[in-house]
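Here is the structure we will look at.
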Amino acid sequence: MTSTDLSLEIADDIAIVRLTRGKKRNALSDALILALRDTFLNLPPQVRAAVIDGEGEHFCAGLDLSELKERDAGQGLHHSRMWHTALDHIQMGTVPVIAALHGAVVGGGLELASACHIRVADQTTFYALPEGSRGIFVGGGGSVRIPKLIGAARMTDMMMTGRTYNAADGERAGFAQYLVPQGQAFDKALELARRVAGNAPLTNYALMHALPRISEQPADHGYFTEALMAGIAQASPEAKERVRAFLEGRADKVGRG
Ligand code: 1HE
């Protein structure tokens, strides 16, 4: 237990992080953002993947608007940087994080979901960026992460016009990699987390830490970083054992595992 608005449960090697502020639609207060930061910064060493979900009818209603008080420019900047630090501990932390989405995934809630590595949505999910109509801007890394999922043009449209994406359109646009029937997002996310936790740790590390950096590099630098990461990954004893297992007929074939 990390705070009254956040719970942490460890199931074998999976961490289940749940927003438990359903009465306020899991709106992200400063305390809740800091609790998220501390939780992902201090995951127990046996954890190899995490699932994050939200209690109640909605995944997350975004920034707690009741805390949006008069701030001067410097305070606003530091507030946004606090979100960046917290969500960075999710995206660039120690383990892959799977988001289980349902209901509202809006504003800062969408920024939180975007910091996760895999998003599973159920059919009740909808996505929006109400910042546009509230007269503010994204501040939790959304302008960096969301265009990578759906493109800058779609994000511009959402913020300028208040457009909402339903679950099916959202999956097609790129918000979620999986779309499941109502009420099944958590189970699917947990199933995926168990699968991901079984990967070689260096493979997950490369996907979390090398891939996003490579995608920001000029091609020539990217190829070089890729070669370094490939060399490190293939040299690990775990990689050698997995390749040997395939060659000796002890491993699943692709698509038949
Ligand atoms: C909140 C918040 C919130 C609900 N901050 N209190 N985010 C938004 O602009 C989204 C605002 N929320 C909504 O549009 C709706 O609440 C929902 C579509 C998410 C859900 O609707 P519904 O009918 O299920 O719930 P509700 O009746 O609107 O809300 C229930 C309670 O939660 C109510 O409080 P109560 O004391 O009257 O019961 C709401 O006031 C409260 N609540 N959402 C505070 N967001 C890093 S920058 C990020 C910038 C942003 O995220 S801006 C977008 C903010």
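Indexing begins at 1, ligand by ligand and atom by atom, following the structure's order. Numbers here are sequence positions counted from 1. On a predicted model such as this, the values are computed, not experimentally measured, just so you know.
Under the 4.0 angstrom criterion, atom 23 (O) of ligand 1 counts as lacking any protein heavy-atom contact. Of the protein's heavy atoms, at least one falls inside 4.0 Å of atom 49 (C) of ligand 1. There is no protein heavy atom closer than 4.0 angstrom to atom 40 (O) of ligand 1. Within 4.0 Å of atom 32 (O) of ligand 1, at least one protein heavy atom is present. Under the 4.0 angstrom criterion, atom 37 (O) of ligand 1 counts as lacking any protein heavy-atom contact. Atom 3 (C) of ligand 1 is approached by the protein to below 4.0 angstrom, counting heavy atoms only.
Protein heavy atom in closest approach to atom 5 (N) of ligand 1: Leu65 N, 2.8 Å. Looking only at protein heavy atoms, the nearest one to atom 51 (O) of ligand 1 is Gly108 N, 2.7 Å. Looking at atom 11 (C) of ligand 1, its nearest protein heavy atom turns out to be Arg134 NH2, 3.7 Å. Protein heavy atom nearest atom 18 (C) of ligand 1, with residue, atom name and distance: Phe126 CZ, 4.2 Å. Scanning all protein heavy atoms for the shortest distance to atom 47 (S) of ligand 1 gives Gly139 N, 3.6 Å. Taking atom 45 (N) of ligand 1 as the reference point, the nearest protein heavy-atom neighbour is Leu63 O, 2.9 Å.
Ring planes of Tyr127 and Phe175: parallel class, angle under 30° (limits at 30 and 60°). Ring geometry for Trp83 versus His79: interplanar angle of 30 to 60°, hence tilted.
Heavy-atom contacts from other residues, nucleotides or ligands closer than 6.0 Å to CZ of Arg71 number more than 12. Surrounding CD of Glu241 are more than 12 heavy atoms belonging to other residues, nucleotides or ligands, all under 6.0 Å away. In this structure, Met160 places its CE atom where only 12 or fewer heavy-atom neighbours from other residues, nucleotides or ligands lie under 6.0 Å away.
At a 4.0 Å heavy-atom cut-off, ligand 1 touches Ile136 through the side chain alone.
A continuous path of hydrophobic side-chain contacts links Leu6 to Ile33 [ILVMFWY only; heavy atoms under 4.5 Å].
Between Lys188 and Glu191, at least one side-chain nitrogen of the basic residue sits less than 4.0 Å from a carboxylate oxygen of the acidic one, meeting the salt-bridge criterion. Here Arg119 does not pair with Glu171 in a salt bridge; the nearest charged N to carboxylate O distance is not below 4.0 Å. Contact check on Arg48 versus Asp12 returns no salt bridge, with no Lys/Arg side-chain nitrogen under 4.0 Å from an Asp/Glu carboxylate oxygen.
Geometrically, Arg18 engages Phe186 in a cation-pi contact defined by less than 6.0 Å to the ring centre and at most 45° from the axis. Note that Arg37 lies outside the cation-pi zone of Phe40, set by a 6.0 Å cut-off to the ring centre and a 45° limit from the axis.
Using a 4.0 Å cutoff on heavy atoms, Glu111 counts as a contact of ligand 1. Residue Lys23 places a heavy atom less than 4.0 Å from ligand 1.
Under a 4.0 Å criterion applied to the non-hydrogen atoms of Trp83, ligand 1 contributes the atoms 46 (C). Here is the list of ligand 1 atoms found below 4.0 Å of a heavy atom in Ala104: 19 (C).
When Glu57, His84, Arg21, Arg25 are ranked by how near their heavy atoms come to atom 27 (O) of ligand 1, first place goes to Arg25. When the heavy-atom distances from atom 19 (C) of ligand 1 to Ala61, Gly142, Cys60 are ranked, the shortest goes to Ala61. Between atom 21 (O) of ligand 1 and the options His58, Lys24, Glu131, the minimum heavy-atom separation is to His58.
Residue Gly107 places no N or O, backbone or side chain, under 3.5 Å from any N or O of ligand 1. Ligand 1 has no N or O atom lying under 3.5 Å from any N or O atom of Pro130, backbone or side chain.
Taking the side chain as every heavy atom from C-beta outward, Glu67 and Asp30 approach each other to under 4.5 Å.
Looking at Arg81 and His84, their side chains do bring a donor and an acceptor atom within 3.5 Å of each other.
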